[in-house]
Amino acid sequence: MKFEIKNFGLYGREQSTVSADFLNLVAIDYSCRKYNWEIKPHFHSNLYQFFFIESGSGTLIINEKMKKFSGQNIIIMPENNLHGFKFSDDIKGYTLSVSSAIIDKFTSHDKDLLYEISRVRLLNMNNNFDEFNDAMDSIRRMIKELTLQADKEALFMETLLLLLLIKIFRMTIESEKEYVASTRELAYYKEFMKMIKKIVPTNKSIDDFTKDLGISKTHLNRVCQTIAGESTKQVISNYLVNEAMILMAHTDMTISEIAYQLEFKDVSYFCRFYKKQTGISPAKFREKNQHLEQNQHVVALNY
């Protein structure tokens with residue numbers, strides 16, 4: 001029996017789509033208390049989300065990997081990324097949800113901005129009080145504007161959002177300075193990631209990528225280790241695992257169809273690859289996710 005997938009605009013709300021001008025700002029403790037501080041793994045296909053954690057602690061679950069955080073943090077969650085959360089009951093902060101259409105509008109002529117907010121990021125701001133407080137000032141002004149419902153509210157909110165995105169962009173750049181030896185390396189990494197996302201990299205060798213980039217395999221591996229903390233091969237594998245998880249959790253494609261979609265030479269090879277990367281077989285992953293959703297009686301794609 002094929003598994004029926006439902007689409008939600010926000011976690012737990014039965015709406016299949018969000019409007020092009022959709023923007024939502026809500027306190028994290030208010031939205032998560034009813035779920036006992038746990039948000040099951042899910043993804044949203046047309047929303048970007050930004051989490052501003054003021055205090056408390058929690059765990060970000062991204063592609064079944066866990067990242068703990070506490071204190072002041074900013075989390076960037078682009079569309080089409082499987083993620084979930086476990087929050088402490090003293091968590092304080094805000095979730096800002098923005099339609100992809102708005103993000104596209106702001107980044108149509110700024111590819112650097114698009115790149116920085118199109119990666120999952122967990123920015124620890126505990127040692128950057130001034131920058132974090134500056135971002136929170138923007139959040140508070142947005143809340144006030146939403147409460148007032150004043151004239152030209154949409155225009156003012158759009159301006160505040162753009163300023164906030166620029167602040168986030170600058171914070172990501174500052175955080176990368178700790179890891180990136182040169183802007184040249186960052187440029188190589190950005191181009192490499194664009195190549196991976198443009199084509200299915202399953203049957204493309206690392207030599208093919210380095211030839212297009214004009215650098216050696218050793219150089220590309222050093223770039224990936226510097227920026228992502230992983231080898232070139234692992235960066236590619238992580239991308240394939242993420243794509244496979246999304247297809248298995250949120251489509252009714254068979255395992256064989258998914259293997260074909262990702263251009264693996266056969267389904268057996270795909271299953272071996274997936275189990276080696278995640279520790280479980282594709283079938284077990286799908287069974288576990290279906291069991292979770294059936295227990296909840298709904299499938300939540302968007303939060």
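- For Leu162, the side chain to side chain contact (heavy atoms under 4.5 Å, CB included) partners at least two apart in sequence or on another chain are Phe106, Ile166.
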| request: Give the C-alpha distance, both sets of side-chain angles, the deciding distance and a yes or no for side-chain contact (heavy atoms from CB on, under 4.5 Å) between Gln49 and Thr95. | output: CA-CA 7 Å; Gln49 290 192 305; Thr95 302; 3.9 Å; yes

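- Residues satisfying the side-chain hydrogen bond (donor to acceptor under 3.5 Å, both in side chains) test with Lys265, not counting sequence neighbours, are none.
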Donor-acceptor pairs are to be reported for all side-chain atoms of residues 227-240 against protein atoms at under 3.5 Å, with residues two or more places apart or in another chain.
unit_1	atom_1	unit_2	atom_2	d
Glu230	OE1	Asn238	ND2	2.7
Glu230	OE2	Asn238	ND2	3.1
Ser231	OG	Gln234	N	3.1
Thr232	OG1	Asn221	N	3.3
Gln234	NE2	Asn238	OD1	2.9
Gln234	NE2	Gln277	OE1	2.9
Ser237	OG	Lys233	O	3.0
Asn238	ND2	Gln234	O	3.4

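- Counting only heavy atoms from C-beta outward, the side chains of Lys284 and Glu287 approach each other to under 4.5 Å.
- The side-chain hydrogen bond (donor to acceptor under 3.5 Å, both in side chains) test applied to Asn126 returns Asn124, not counting sequence neighbours.
- Side-chain contact check for Leu96 versus Asn24: every heavy-atom pair is 4.5 Å or farther apart.
- Through side-chain heavy atoms spaced under 4.5 Å, either directly or across other Ile, Leu, Val, Met, Phe, Trp or Tyr residues, Ile61 is tied to Met66.
- Classification of the Tyr274-Phe270 ring pair by plane angle, with boundaries at 30° and 60°, yields tilted.
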| Working for side-chain contact (heavy atoms from CB on, under 4.5 Å), residues Thr210 and Ser216 | CA-CA 6 Å; Thr210 56; Ser216 68; over 6 Å; no

| request: For Thr172 and Arg121, run side-chain contact (heavy atoms from CB on, under 4.5 Å): C-alpha distance rounded to whole Å, both residues' side-chain angles, the deciding distance at 0.1 Å, then the answer. | output: CA-CA 8 Å; Thr172 62; Arg121 305 293 295 272; 3.8 Å; yes

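- Pairs of residues two or more places apart, or lying in two chains, that qualify as ring-ring contact (aromatic ring centres under 6.0 Å, His included) and include a residue from residues 197-231 are Tyr188-His219, Phe192-Phe209.
- For Phe264 and Tyr269, the distance between ring centers is under 6.0 angstrom.
- Aromatic ring centres of Phe51 and Phe85 lie closer together than 6.0 Å.
- Applying the side chain to side chain contact (heavy atoms under 4.5 Å, CB included) test to Ala283 and every residue at least two apart in sequence or in another chain returns Ser281.
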With a cut-off of 3.5 Å and sequence neighbours excluded, list every side-chain donor-acceptor pair involving residues 130-137.
unit_1	atom_1	unit_2	atom_2	d
Asp134	OD1	Lys167	NZ	3.4
Asp137	OD1	Arg140	NH1	3.2

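- Distance check, rounded to the nearest 0.5 Å: CG of Leu163 to CD1 of Ile168 gives 11.5 Å.
- Here Asn242 pairs with Asn63 under the side-chain hydrogen bond (donor to acceptor under 3.5 Å, both in side chains) rule; sequence neighbours left out.
- In this view, Asp208 and Ser205 satisfy the side-chain hydrogen bond (donor to acceptor under 3.5 Å, both in side chains) rule, not counting sequence neighbours.
- Every pair tested for salt bridge (charged side-chain N to carboxylate O under 4.0 Å, His left out) that includes a residue from residues 76-86 fails, sequence neighbours excluded, so the list is empty.
- Residues satisfying the side chain to side chain contact (heavy atoms under 4.5 Å, CB included) test with Ser268, not counting sequence neighbours, are Asp266, Arg272.
- Taking 4.0 Å as the cut-off between side-chain N and carboxylate O, Asp112 and Lys190 count as a salt-bridged pair.
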| Test log, rule side-chain contact (heavy atoms from CB on, under 4.5 Å), inputs Phe69 and Phe87 | CA-CA 10 Å; Phe69 57 86; Phe87 293 113; 3.9 Å; yes

